[in-house]
Amino acid sequence: MANKTIMLGNEAIARGAFEAGVKVSSAYPGTPSTEISEYLAKYDEVYTEWAPNEKVAAEVAIGASFSGVRSLACMKHVGLNVASDPLYTFSYTGVNGGSVFVVADDPGLASSQNEQDTRMIGRSSHVPVLEPADSQEAKDFVKFGYQLSEEYDTPVILRTTTKLAHSQSAVELCDRVEVEDKEYHRDLSKYVMMPASAIGRHLAVEAREIRMANDAHSFPVNKMEINDKKIGFITCGIAYQYVKEACPNASVLKFGLVNPLSKKLVEEFVSSVETVYIFEELEPVIEEQVRAWGFDVKGKECFTKQGEYSANMLRRVIFGTDGTVFEKQDTPNRPPILCPGCPHRSVYSVLNKLKIHASGDIGCYTLGAVPPLGVVDTCVCMGASISALHGMEKAKGKEFIKNWVAVIGDSTFLHTGINSLINMVYNKATGTVMILDNRTTGMTGHQEHAATGKTLKGEDTYAIDLAQLCRAVGVKNVIEVNSFDVKRLEAVVKESVNGDTLTVIIAKAPCVLLKGQKFPNVCKVNPDACKKCGACMKIGCPAMTRGEDGKVKIDATMCNGCGLCKNYCKFNAIEIVER
(Lines give C-alpha, C1' and ligand atoms only; values in the text may rest on other atoms or scores of the structure.)
Protein backbone atom coordinates (compact mmCIF):
# COMPACT_ATOMS: atom_id res chain seq x y z
CA MET A 1 0.00 0.00 0.00
CA ALA A 2 1.23 3.53 -0.77
CA ASN A 3 -1.05 6.58 -0.72
CA LYS A 4 -0.92 10.11 0.61
CA THR A 5 -3.06 11.91 3.15
CA ILE A 6 -2.90 15.05 5.26
CA MET A 7 -1.78 14.44 8.85
CA LEU A 8 -0.98 16.38 11.98
CA GLY A 9 2.60 15.95 13.09
CA ASN A 10 1.39 13.97 16.11
CA GLU A 11 -0.75 11.71 13.94
CA ALA A 12 2.22 11.12 11.63
CA ILE A 13 4.39 10.13 14.60
CA ALA A 14 1.80 7.58 15.62
CA ARG A 15 1.65 6.29 12.06
CA GLY A 16 5.43 5.99 12.00
CA ALA A 17 5.39 3.90 15.18
CA PHE A 18 2.70 1.67 13.68
CA GLU A 19 4.60 1.21 10.42
CA ALA A 20 7.85 0.53 12.30
CA GLY A 21 6.31 -2.49 14.02
CA VAL A 22 6.09 -1.03 17.52
CA LYS A 23 4.31 -3.38 19.91
CA VAL A 24 4.22 -1.45 23.21
CA SER A 25 3.60 2.24 23.86
CA SER A 26 3.21 4.03 27.19
CA ALA A 27 2.66 7.74 27.84
CA TYR A 28 1.32 10.41 30.13
CA PRO A 29 -0.75 13.11 28.40
CA GLY A 30 0.98 16.46 28.05
CA THR A 31 0.40 19.18 25.48
CA PRO A 32 1.69 19.21 22.76
CA SER A 33 2.38 15.44 22.75
CA THR A 34 -1.00 14.06 23.85
CA GLU A 35 -2.55 13.17 20.50
CA ILE A 36 0.26 10.77 19.59
CA SER A 37 -1.03 8.11 21.95
CA GLU A 38 -4.67 8.82 21.09
CA TYR A 39 -3.95 8.21 17.41
CA LEU A 40 -1.76 5.19 18.15
CA ALA A 41 -4.52 3.61 20.25
CA LYS A 42 -6.57 3.23 17.06
CA TYR A 43 -4.15 0.56 15.80
CA ASP A 44 -5.05 -2.78 17.34
CA GLU A 45 -1.59 -4.15 16.55
CA VAL A 46 -0.02 -1.83 19.15
CA TYR A 47 -0.56 -2.11 22.90
CA THR A 48 -1.06 1.47 24.14
CA GLU A 49 -1.63 2.79 27.65
CA TRP A 50 -1.79 5.87 29.80
CA ALA A 51 0.72 5.59 32.62
CA PRO A 52 0.31 7.53 35.89
CA ASN A 53 3.42 9.57 35.05
CA GLU A 54 6.25 9.84 32.54
CA LYS A 55 8.78 7.94 34.67
CA VAL A 56 6.48 4.93 34.70
CA ALA A 57 5.84 5.30 30.96
CA ALA A 58 9.58 5.31 30.29
CA GLU A 59 10.14 2.25 32.45
CA VAL A 60 7.34 0.35 30.70
CA ALA A 61 8.96 1.12 27.35
CA ILE A 62 12.35 0.09 28.73
CA GLY A 63 11.00 -3.23 29.99
CA ALA A 64 9.38 -3.93 26.63
CA SER A 65 12.67 -3.14 24.89
CA PHE A 66 14.63 -5.42 27.20
CA SER A 67 12.21 -8.26 26.43
CA GLY A 68 12.95 -7.87 22.71
CA VAL A 69 10.20 -5.78 21.07
CA ARG A 70 10.11 -2.26 19.69
CA SER A 71 8.70 0.20 22.22
CA LEU A 72 7.64 3.84 22.44
CA ALA A 73 7.27 6.39 25.25
CA CYS A 74 5.65 9.80 24.67
CA MET A 75 5.71 12.95 26.80
CA LYS A 76 6.16 16.70 26.74
CA HIS A 77 9.44 18.39 27.60
CA VAL A 78 8.78 18.83 31.32
CA GLY A 79 7.60 15.23 31.39
CA LEU A 80 11.09 14.20 30.34
CA ASN A 81 12.31 15.73 33.61
CA VAL A 82 10.18 13.16 35.41
CA ALA A 83 11.47 10.39 33.13
CA SER A 84 15.11 11.50 33.19
CA ASP A 85 16.12 9.06 35.93
CA PRO A 86 15.41 5.94 33.85
CA LEU A 87 16.48 7.64 30.59
CA TYR A 88 20.02 8.42 31.73
CA THR A 89 20.58 4.81 32.80
CA PHE A 90 18.78 3.41 29.75
CA SER A 91 21.47 5.21 27.75
CA TYR A 92 24.01 3.00 29.52
CA THR A 93 22.17 -0.30 29.25
CA GLY A 94 21.23 0.16 25.64
CA VAL A 95 18.35 -1.72 24.05
CA ASN A 96 17.32 -5.15 22.90
CA GLY A 97 14.29 -4.19 20.85
CA GLY A 98 14.51 -0.65 19.49
CA SER A 99 13.13 2.11 21.72
CA VAL A 100 12.15 5.70 20.90
CA PHE A 101 11.18 8.46 23.33
CA VAL A 102 9.04 11.14 21.67
CA VAL A 103 9.46 14.43 23.52
CA ALA A 104 7.49 17.55 22.55
CA ASP A 105 9.05 20.92 23.39
CA ASP A 106 6.97 24.08 23.71
CA PRO A 107 8.78 27.19 22.37
CA GLY A 108 6.59 30.18 23.10
CA LEU A 109 5.05 28.59 26.20
CA ALA A 110 1.69 27.80 24.62
CA SER A 111 0.84 25.48 27.52
CA SER A 112 3.89 25.01 29.71
CA GLN A 113 5.72 26.46 32.68
CA ASN A 114 9.13 26.73 30.98
CA GLU A 115 10.88 26.61 27.60
CA GLN A 116 13.56 23.97 28.16
CA ASP A 117 15.31 22.45 25.17
CA THR A 118 15.29 18.64 24.97
CA ARG A 119 18.34 18.62 22.71
CA MET A 120 20.41 19.61 25.72
CA ILE A 121 19.10 16.64 27.69
CA GLY A 122 19.99 14.43 24.72
CA ARG A 123 23.56 15.70 24.86
CA SER A 124 23.75 15.34 28.64
CA SER A 125 22.37 11.79 28.65
CA HIS A 126 24.34 10.76 25.52
CA VAL A 127 21.13 9.81 23.73
CA PRO A 128 20.84 10.62 20.01
CA VAL A 129 18.18 13.17 19.10
CA LEU A 130 16.25 13.32 15.83
CA GLU A 131 14.18 16.38 14.88
CA PRO A 132 11.75 16.36 11.93
CA ALA A 133 10.58 19.45 10.03
CA ASP A 134 7.16 18.34 8.75
CA SER A 135 4.64 15.53 9.10
CA GLN A 136 6.28 13.32 6.45
CA GLU A 137 9.59 13.56 8.25
CA ALA A 138 7.85 13.01 11.58
CA LYS A 139 6.67 9.63 10.32
CA ASP A 140 9.91 8.75 8.56
CA PHE A 141 12.16 9.83 11.43
CA VAL A 142 10.30 7.58 13.86
CA LYS A 143 11.04 4.63 11.59
CA PHE A 144 14.64 5.72 11.16
CA GLY A 145 14.87 6.10 14.92
CA TYR A 146 14.24 2.40 15.41
CA GLN A 147 16.95 1.57 12.89
CA LEU A 148 19.41 3.79 14.78
CA SER A 149 18.31 2.36 18.10
CA GLU A 150 19.00 -1.23 17.11
CA GLU A 151 22.09 -0.54 14.98
CA TYR A 152 23.84 1.49 17.70
CA ASP A 153 22.31 -0.18 20.78
CA THR A 154 20.78 3.00 22.17
CA PRO A 155 17.47 4.61 23.00
CA VAL A 156 16.63 7.47 20.63
CA ILE A 157 14.81 10.75 21.35
CA LEU A 158 12.53 12.17 18.68
CA ARG A 159 12.16 15.85 19.50
CA THR A 160 9.16 17.78 18.21
CA THR A 161 7.77 21.22 18.96
CA THR A 162 4.29 22.66 19.34
CA LYS A 163 4.23 24.01 15.79
CA LEU A 164 5.21 20.68 14.27
CA ALA A 165 2.95 18.63 16.55
CA HIS A 166 -0.13 20.63 15.60
CA SER A 167 0.62 21.49 11.95
CA GLN A 168 -0.60 19.47 8.98
CA SER A 169 1.16 18.37 5.82
CA ALA A 170 1.05 15.51 3.32
CA VAL A 171 2.23 12.08 4.40
CA GLU A 172 2.78 8.99 2.28
CA LEU A 173 1.45 5.93 4.05
CA CYS A 174 3.20 2.56 3.99
CA ASP A 175 2.36 -0.89 5.29
CA ARG A 176 3.30 -1.99 8.77
CA VAL A 177 6.49 -4.01 9.01
CA GLU A 178 6.17 -6.87 11.48
CA VAL A 179 9.54 -6.96 13.20
CA GLU A 180 10.55 -10.30 14.63
CA ASP A 181 10.91 -10.28 18.39
CA LYS A 182 14.50 -10.40 19.55
CA GLU A 183 15.41 -13.20 21.89
CA TYR A 184 16.08 -12.20 25.46
CA HIS A 185 19.41 -13.23 26.96
CA ARG A 186 20.33 -12.69 30.59
CA ASP A 187 23.26 -10.27 30.66
CA LEU A 188 24.11 -8.71 34.02
CA SER A 189 26.91 -6.56 32.63
CA LYS A 190 24.47 -4.93 30.18
CA TYR A 191 21.17 -4.71 32.01
CA VAL A 192 22.05 -4.48 35.71
CA MET A 193 23.57 -1.06 36.33
CA MET A 194 25.71 -1.61 39.38
CA PRO A 195 28.96 0.40 39.51
CA ALA A 196 31.12 -2.42 38.16
CA SER A 197 28.99 -2.95 35.06
CA ALA A 198 28.13 0.75 34.62
CA ILE A 199 31.82 1.62 34.22
CA GLY A 200 32.05 -0.69 31.23
CA ARG A 201 28.78 0.51 29.76
CA HIS A 202 29.89 4.13 29.98
CA LEU A 203 32.79 3.25 27.70
CA ALA A 204 30.36 1.56 25.32
CA VAL A 205 28.21 4.72 25.26
CA GLU A 206 31.22 6.87 24.34
CA ALA A 207 32.26 4.46 21.59
CA ARG A 208 28.83 4.30 19.99
CA GLU A 209 28.45 8.08 20.12
CA ILE A 210 31.75 8.57 18.29
CA ARG A 211 30.78 5.94 15.72
CA MET A 212 27.39 7.53 15.13
CA ALA A 213 28.88 11.01 14.75
CA ASN A 214 31.33 9.66 12.17
CA ASP A 215 28.56 7.86 10.29
CA ALA A 216 26.09 10.75 10.44
CA HIS A 217 27.36 12.49 7.30
CA SER A 218 25.66 9.78 5.25
CA PHE A 219 22.41 9.55 7.22
CA PRO A 220 19.37 10.37 5.05
CA VAL A 221 17.88 12.57 7.79
CA ASN A 222 20.68 15.13 7.26
CA LYS A 223 20.65 17.03 4.00
CA MET A 224 22.64 19.81 2.35
CA GLU A 225 21.19 22.19 -0.24
CA ILE A 226 23.83 24.32 -1.98
CA ASN A 227 22.23 27.26 -3.79
CA ASP A 228 23.29 30.90 -3.34
CA LYS A 229 26.77 30.59 -1.81
CA LYS A 230 26.77 34.13 -0.40
CA ILE A 231 24.45 33.17 2.46
CA GLY A 232 23.69 29.87 4.15
CA PHE A 233 21.81 28.52 7.13
CA ILE A 234 22.47 25.62 9.46
CA THR A 235 19.09 24.70 10.91
CA CYS A 236 16.82 21.92 12.11
CA GLY A 237 13.18 21.08 12.75
CA ILE A 238 10.39 23.54 12.09
CA ALA A 239 12.94 26.40 11.79
CA TYR A 240 13.93 24.88 8.42
CA GLN A 241 10.47 25.77 7.09
CA TYR A 242 10.98 29.42 8.05
CA VAL A 243 14.34 29.48 6.28
CA LYS A 244 12.82 28.07 3.08
CA GLU A 245 9.97 30.57 3.24
CA ALA A 246 12.06 33.67 3.96
CA CYS A 247 15.23 32.81 2.01
CA PRO A 248 14.27 30.23 -0.65
CA ASN A 249 17.49 30.74 -2.63
CA ALA A 250 19.89 30.41 0.28
CA SER A 251 22.09 27.39 0.87
CA VAL A 252 20.93 25.21 3.76
CA LEU A 253 22.43 22.48 5.91
CA LYS A 254 19.46 20.85 7.63
CA PHE A 255 20.24 18.49 10.48
CA GLY A 256 17.73 15.74 11.15
CA LEU A 257 20.08 14.14 13.67
CA VAL A 258 20.79 17.05 16.02
CA ASN A 259 22.80 14.96 18.51
CA PRO A 260 25.46 13.88 17.78
CA LEU A 261 26.26 16.34 14.99
CA SER A 262 28.30 15.49 11.93
CA LYS A 263 31.43 17.64 11.96
CA LYS A 264 32.20 16.53 8.41
CA LEU A 265 28.93 18.01 7.11
CA VAL A 266 29.50 21.28 8.95
CA GLU A 267 33.03 21.54 7.61
CA GLU A 268 31.89 20.91 4.06
CA PHE A 269 29.01 23.40 4.29
CA VAL A 270 30.90 26.25 5.98
CA SER A 271 33.73 25.97 3.44
CA SER A 272 31.18 26.33 0.61
CA VAL A 273 29.28 29.40 1.85
CA GLU A 274 30.49 32.96 2.56
CA THR A 275 28.24 33.84 5.53
CA VAL A 276 26.64 31.15 7.67
CA TYR A 277 23.78 31.72 10.12
CA ILE A 278 22.68 29.12 12.63
CA PHE A 279 18.91 29.36 12.92
CA GLU A 280 17.60 27.19 15.77
CA GLU A 281 14.81 27.76 18.27
CA LEU A 282 15.57 28.06 21.99
CA GLU A 283 19.10 27.19 23.12
CA PRO A 284 22.26 27.49 20.96
CA VAL A 285 22.80 23.74 20.96
CA ILE A 286 24.06 23.44 17.38
CA GLU A 287 25.76 26.84 17.53
CA GLU A 288 27.88 26.01 20.58
CA GLN A 289 29.08 22.78 19.00
CA VAL A 290 29.90 24.43 15.68
CA ARG A 291 31.73 27.31 17.37
CA ALA A 292 33.65 24.82 19.56
CA TRP A 293 34.94 23.25 16.34
CA GLY A 294 36.34 26.67 15.39
CA PHE A 295 33.95 27.64 12.61
CA ASP A 296 32.99 31.30 12.08
CA VAL A 297 29.19 31.52 12.14
CA LYS A 298 26.46 33.92 13.24
CA GLY A 299 23.83 32.78 15.72
CA LYS A 300 22.16 33.95 18.90
CA GLU A 301 23.71 37.41 18.64
CA CYS A 302 21.18 37.84 15.82
CA PHE A 303 18.31 35.70 17.08
CA THR A 304 16.57 35.29 20.43
CA LYS A 305 16.65 32.32 22.78
CA GLN A 306 13.01 32.92 23.70
CA GLY A 307 9.81 31.83 22.03
CA GLU A 308 8.87 30.48 18.64
CA TYR A 309 10.75 31.60 15.55
CA SER A 310 9.07 32.73 12.33
CA ALA A 311 9.83 33.59 8.75
CA ASN A 312 9.21 37.26 9.58
CA MET A 313 11.85 37.15 12.32
CA LEU A 314 14.34 35.85 9.81
CA ARG A 315 13.39 38.50 7.21
CA ARG A 316 13.87 41.28 9.76
CA VAL A 317 17.39 40.07 10.59
CA ILE A 318 18.53 39.36 7.02
CA PHE A 319 16.68 42.05 5.05
CA GLY A 320 15.81 44.63 7.73
CA THR A 321 12.08 44.22 7.12
CA ASP A 322 9.56 41.41 7.43
CA GLY A 323 7.68 42.45 4.29
CA THR A 324 4.37 42.71 6.12
CA VAL A 325 1.69 44.31 3.95
CA PHE A 326 -0.75 45.05 6.76
CA GLU A 327 0.28 46.72 9.98
CA LYS A 328 -0.19 44.71 13.13
CA GLN A 329 -3.41 45.56 14.89
CA ASP A 330 -3.67 45.73 18.65
CA THR A 331 -6.18 43.17 19.89
CA PRO A 332 -8.01 43.19 23.20
CA ASN A 333 -6.40 41.15 25.94
CA ARG A 334 -8.35 37.94 26.45
CA PRO A 335 -7.04 36.15 29.54
CA PRO A 336 -7.71 32.42 29.93
CA ILE A 337 -10.65 31.59 32.15
CA LEU A 338 -12.37 28.54 33.60
CA CYS A 339 -15.32 27.21 31.60
CA PRO A 340 -18.91 28.03 32.58
CA GLY A 341 -20.01 25.46 35.14
CA CYS A 342 -16.44 24.39 35.99
CA PRO A 343 -16.34 22.75 39.44
CA HIS A 344 -12.96 24.39 40.11
CA ARG A 345 -14.68 27.80 40.06
CA SER A 346 -17.01 26.68 42.80
CA VAL A 347 -14.11 25.55 45.00
CA TYR A 348 -12.15 28.74 44.38
CA SER A 349 -15.16 30.92 45.10
CA VAL A 350 -15.26 29.40 48.59
CA LEU A 351 -11.52 29.83 49.11
CA ASN A 352 -11.71 33.41 47.86
CA LYS A 353 -14.56 34.19 50.27
CA LEU A 354 -12.55 32.76 53.15
CA LYS A 355 -9.42 34.68 52.02
CA ILE A 356 -7.41 31.45 51.80
CA HIS A 357 -4.21 31.11 49.78
CA ALA A 358 -3.69 28.05 47.61
CA SER A 359 -0.43 26.27 46.88
CA GLY A 360 -1.19 25.37 43.26
CA ASP A 361 -0.36 22.66 40.77
CA ILE A 362 -0.39 21.90 37.03
CA GLY A 363 -3.84 21.73 35.47
CA CYS A 364 -6.90 23.79 34.55
CA TYR A 365 -7.15 24.83 38.18
CA THR A 366 -3.98 26.94 37.82
CA LEU A 367 -6.37 29.51 36.33
CA GLY A 368 -7.47 30.15 39.91
CA ALA A 369 -4.43 32.42 40.14
CA VAL A 370 -5.94 35.20 38.03
CA PRO A 371 -8.75 37.66 38.85
CA PRO A 372 -11.49 37.61 39.85
CA LEU A 373 -10.87 34.42 41.86
CA GLY A 374 -7.22 35.17 42.67
CA VAL A 375 -6.65 32.22 45.00
CA VAL A 376 -3.64 30.29 43.66
CA ASP A 377 -0.31 31.78 44.81
CA THR A 378 2.22 29.21 43.53
CA CYS A 379 2.67 26.82 40.60
CA VAL A 380 5.92 24.96 39.99
CA CYS A 381 5.45 21.44 38.63
CA MET A 382 3.29 18.32 38.88
CA GLY A 383 2.75 17.40 42.52
CA ALA A 384 4.52 20.46 43.94
CA SER A 385 1.41 21.91 45.57
CA ILE A 386 1.44 19.38 48.40
CA SER A 387 5.21 19.39 48.93
CA ALA A 388 5.32 23.19 48.92
CA LEU A 389 2.58 23.40 51.56
CA HIS A 390 4.55 20.91 53.66
CA GLY A 391 7.67 23.04 53.26
CA MET A 392 5.79 26.14 54.35
CA GLU A 393 4.67 24.48 57.54
CA LYS A 394 8.12 23.15 58.36
CA ALA A 395 9.62 26.58 57.66
CA LYS A 396 7.07 28.84 59.39
CA GLY A 397 5.02 26.58 61.64
CA LYS A 398 1.37 25.59 61.82
CA GLU A 399 0.07 29.12 62.31
CA PHE A 400 1.43 30.19 58.93
CA ILE A 401 -0.65 27.63 57.03
CA LYS A 402 -3.90 28.38 58.89
CA ASN A 403 -5.02 30.26 55.79
CA TRP A 404 -3.39 28.00 53.18
CA VAL A 405 -4.45 24.85 51.34
CA ALA A 406 -2.82 22.76 48.62
CA VAL A 407 -4.95 22.24 45.51
CA ILE A 408 -4.27 19.42 43.05
CA GLY A 409 -6.27 17.60 40.38
CA ASP A 410 -7.15 13.92 40.43
CA SER A 411 -4.84 13.00 37.53
CA THR A 412 -2.00 15.12 38.90
CA PHE A 413 -2.45 13.59 42.35
CA LEU A 414 -1.93 10.13 40.86
CA HIS A 415 0.99 11.46 38.78
CA THR A 416 3.21 12.67 41.63
CA GLY A 417 0.95 14.11 44.32
CA ILE A 418 0.63 10.80 46.14
CA ASN A 419 4.36 10.81 46.91
CA SER A 420 4.09 14.27 48.44
CA LEU A 421 1.12 13.20 50.55
CA ILE A 422 3.07 10.20 51.82
CA ASN A 423 5.83 12.61 52.77
CA MET A 424 3.37 14.72 54.79
CA VAL A 425 2.10 11.66 56.64
CA TYR A 426 5.58 10.32 57.30
CA ASN A 427 6.93 13.63 58.56
CA LYS A 428 3.99 14.39 60.86
CA ALA A 429 2.59 17.31 58.90
CA THR A 430 -0.72 19.05 59.40
CA GLY A 431 -2.46 21.19 56.80
CA THR A 432 -5.21 20.84 54.23
CA VAL A 433 -4.84 19.13 50.85
CA MET A 434 -7.71 19.57 48.38
CA ILE A 435 -7.98 17.08 45.53
CA LEU A 436 -10.16 18.65 42.83
CA ASP A 437 -11.61 15.49 41.33
CA ASN A 438 -13.23 16.23 37.97
CA ARG A 439 -12.91 12.62 36.75
CA THR A 440 -10.47 13.30 33.92
CA THR A 441 -7.14 14.73 32.82
CA GLY A 442 -8.77 17.99 31.85
CA MET A 443 -6.16 20.43 30.58
CA THR A 444 -4.72 18.09 27.93
CA GLY A 445 -8.09 17.17 26.44
CA HIS A 446 -9.93 14.79 28.77
CA GLN A 447 -7.80 11.68 28.80
CA GLU A 448 -8.53 8.73 31.07
CA HIS A 449 -6.41 7.99 34.12
CA ALA A 450 -6.14 5.34 36.82
CA ALA A 451 -9.18 6.63 38.74
CA THR A 452 -11.64 6.96 35.84
CA GLY A 453 -12.33 3.27 35.23
CA LYS A 454 -11.35 3.34 31.54
CA THR A 455 -8.09 2.57 29.73
CA LEU A 456 -6.62 4.54 26.82
CA LYS A 457 -8.37 2.11 24.46
CA GLY A 458 -11.70 2.68 26.24
CA GLU A 459 -11.81 -0.67 27.99
CA ASP A 460 -13.33 -1.00 31.46
CA THR A 461 -10.82 -1.33 34.28
CA TYR A 462 -10.54 -0.92 38.03
CA ALA A 463 -11.01 2.71 39.13
CA ILE A 464 -8.77 3.68 42.02
CA ASP A 465 -10.73 5.11 44.94
CA LEU A 466 -8.89 8.30 45.87
CA ALA A 467 -10.38 8.44 49.38
CA GLN A 468 -9.36 4.87 50.14
CA LEU A 469 -5.91 5.54 48.69
CA CYS A 470 -5.42 8.55 50.98
CA ARG A 471 -6.53 6.55 54.01
CA ALA A 472 -4.24 3.68 53.00
CA VAL A 473 -1.17 5.91 53.17
CA GLY A 474 -2.14 7.08 56.64
CA VAL A 475 -4.38 10.13 56.28
CA LYS A 476 -7.02 9.71 58.98
CA ASN A 477 -9.20 12.68 58.09
CA VAL A 478 -10.47 12.29 54.50
CA ILE A 479 -13.63 14.15 53.52
CA GLU A 480 -15.50 13.86 50.22
CA VAL A 481 -17.80 16.71 49.22
CA ASN A 482 -19.68 17.85 46.13
CA SER A 483 -17.81 20.78 44.62
CA PHE A 484 -21.05 22.70 44.14
CA ASP A 485 -22.26 22.23 47.71
CA VAL A 486 -20.68 25.52 48.69
CA LYS A 487 -22.19 25.67 52.18
CA ARG A 488 -20.79 22.31 53.22
CA LEU A 489 -17.53 22.95 51.40
CA GLU A 490 -17.10 26.23 53.26
CA ALA A 491 -17.76 24.58 56.60
CA VAL A 492 -15.35 21.72 55.86
CA VAL A 493 -12.56 24.06 54.74
CA LYS A 494 -13.00 26.32 57.79
CA GLU A 495 -12.80 23.40 60.17
CA SER A 496 -9.85 21.86 58.38
CA VAL A 497 -7.56 24.91 58.14
CA ASN A 498 -8.20 25.69 61.80
CA GLY A 499 -7.55 22.12 62.91
CA ASP A 500 -4.31 20.51 63.95
CA THR A 501 -4.37 17.37 61.81
CA LEU A 502 -3.63 16.47 58.20
CA THR A 503 -6.86 16.62 56.22
CA VAL A 504 -7.59 15.67 52.63
CA ILE A 505 -10.73 17.19 51.13
CA ILE A 506 -11.82 15.56 47.86
CA ALA A 507 -14.05 18.02 46.01
CA LYS A 508 -15.96 15.95 43.46
CA ALA A 509 -17.81 17.03 40.31
CA PRO A 510 -17.17 15.99 36.70
CA CYS A 511 -15.63 18.34 34.16
CA VAL A 512 -18.43 20.04 32.22
CA LEU A 513 -16.80 19.10 28.90
CA LEU A 514 -16.84 15.35 29.45
CA LYS A 515 -18.75 13.48 26.78
CA GLY A 516 -22.25 12.24 27.50
CA GLN A 517 -23.19 14.86 30.06
CA LYS A 518 -26.59 16.48 29.76
CA PHE A 519 -27.57 19.87 31.12
CA PRO A 520 -31.37 20.09 31.27
CA ASN A 521 -31.40 23.27 33.36
CA VAL A 522 -30.25 26.84 32.95
CA CYS A 523 -29.90 29.76 35.35
CA LYS A 524 -32.15 32.75 34.76
CA VAL A 525 -32.10 36.25 36.27
CA ASN A 526 -35.27 37.98 37.44
CA PRO A 527 -34.38 41.60 36.55
CA ASP A 528 -36.97 42.99 38.94
CA ALA A 529 -35.27 41.26 41.89
CA CYS A 530 -31.67 42.06 40.87
CA LYS A 531 -30.14 44.73 43.15
CA LYS A 532 -26.98 45.22 41.04
CA CYS A 533 -24.82 44.23 44.03
CA GLY A 534 -22.49 42.16 41.86
CA ALA A 535 -22.02 39.34 44.38
CA CYS A 536 -22.78 36.75 41.72
CA MET A 537 -20.28 38.35 39.32
CA LYS A 538 -17.38 37.75 41.73
CA ILE A 539 -17.22 34.10 40.71
CA GLY A 540 -16.06 35.10 37.23
CA CYS A 541 -18.41 32.94 35.17
CA PRO A 542 -18.10 33.92 31.48
CA ALA A 543 -21.81 33.27 30.97
CA MET A 544 -22.60 36.28 33.16
CA THR A 545 -22.46 39.94 32.10
CA ARG A 546 -23.99 43.23 33.13
CA GLY A 547 -26.51 45.05 30.98
CA GLU A 548 -26.53 48.77 30.31
CA ASP A 549 -28.75 49.20 33.36
CA GLY A 550 -26.15 47.49 35.56
CA LYS A 551 -28.26 44.42 36.13
CA VAL A 552 -26.87 40.92 35.65
CA LYS A 553 -27.62 38.95 32.49
CA ILE A 554 -26.94 35.23 31.87
CA ASP A 555 -26.22 33.89 28.38
CA ALA A 556 -28.35 30.74 28.18
CA THR A 557 -26.19 29.34 25.37
CA MET A 558 -23.18 29.26 27.72
CA CYS A 559 -24.87 28.44 31.03
CA ASN A 560 -25.17 24.78 32.04
CA GLY A 561 -27.29 25.36 35.12
CA CYS A 562 -24.67 24.56 37.74
CA GLY A 563 -26.34 27.04 40.11
CA LEU A 564 -23.15 28.49 41.59
CA CYS A 565 -24.30 32.04 40.91
CA LYS A 566 -27.60 31.34 42.67
CA ASN A 567 -25.69 30.39 45.82
CA TYR A 568 -24.19 33.88 46.00
CA CYS A 569 -27.35 35.88 45.34
CA LYS A 570 -28.85 37.10 48.63
CA PHE A 571 -31.94 38.50 46.94
CA ASN A 572 -33.13 35.32 45.20
CA ALA A 573 -32.87 37.07 41.84
CA ILE A 574 -31.47 33.94 40.17
CA GLU A 575 -33.42 30.76 39.66
CA ILE A 576 -32.75 27.43 38.00
CA VAL A 577 -35.27 26.55 35.32
CA GLU A 578 -35.64 23.87 32.69
CA ARG A 579 -33.82 24.66 29.47
Kindly give the heavy-atom pair with the smallest separation between Val95 and Ser65, and that separation in Å.
CB-OG, 3.4 Å

Going by atom type alone, with no hydrogens or angles, which donor-acceptor pairs under 3.5 Å involve a side-chain atom of residues 357-372 and a protein atom two or more places apart or on another chain?
residue : atom : partner : partner atom : Å
His357  : ND1  : Asp377  : OD2          : 2.7
Ser359  : OG   : Thr378  : OG1          : 3.4
Ser359  : OG   : Ser385  : O            : 2.8
Asp361  : OD1  : Gly383  : N            : 2.8
Asp361  : OD2  : Gly383  : N            : 3.2
Asp361  : OD2  : Ala384  : N            : 3.3
Asp361  : OD2  : Ser385  : N            : 3.0
Asp361  : OD2  : Ser385  : OG           : 2.5
Tyr365  : OH   : Ile362  : O            : 2.8
Tyr365  : OH   : Gly409  : N            : 2.9
Tyr365  : OH   : Thr412  : OG1          : 2.9
Thr366  : OG1  : Asp361  : O            : 2.6
Thr366  : OG1  : Gly363  : N            : 3.4
Thr366  : OG1  : Gly363  : O            : 2.9

Which residue pairs pass the salt bridge (Lys or Arg N to Asp or Glu O under 4.0 Å) test when at least one of the two sits in [range], sequence neighbours left out?
range            : answer
residues 130-148 : Glu19-Lys139, Glu19-Lys143, Glu131-Arg159, Glu137-Lys254
residues 118-130 : Asp117-Arg119, Arg119-Glu280
residues 446-458 : Lys454-Asp460

I'd like to know if Glu45 pairs up with Arg176 as an ion pair, taking the criterion as any Lys NZ or Arg NE/NH1/NH2 lying under 4.0 Å from an Asp or Glu carboxylate oxygen.
no

Results of salt bridge (Lys or Arg N to Asp or Glu O under 4.0 Å) for [X] - residues two or more places apart only:
X      : value
Lys538 : none
Asp437 : Arg439
Glu480 : Lys508
Glu35  : none

Step by step, work out the side chain to side chain contact (heavy atoms under 4.5 Å, CB included) result for Asp105 and Thr160.
CA-CA 6 Å; Asp105 285 4; Thr160 73; over 6 Å; no

Partners passing ring pair (Phe, Tyr, Trp, His ring centres under 6.0 Å) against Tyr309 (at least two apart in sequence or in another chain):
Phe279

Those residues at least two apart in sequence (or on a different chain) that pass side-chain contact (heavy atoms from CB on, under 4.5 Å) with Ala58 are Ala83, Pro86, Phe101

Under 3.5 Å, side chain of Ser149 to main-chain N/O of Gly145, donor-acceptor pair present?
no

Can you list every side-chain hydrogen bond (donor to acceptor under 3.5 Å, both in side chains) pair that touches residues 555-565, not counting sequence neighbours?
Asp555-Thr557

Flag for Gln116-Asn81: side-chain donor and acceptor within less than 3.5 Å
yes

Contacts of type side-chain hydrogen bond (donor to acceptor under 3.5 Å, both in side chains), residue Asn477, not counting sequence neighbours:
Thr503

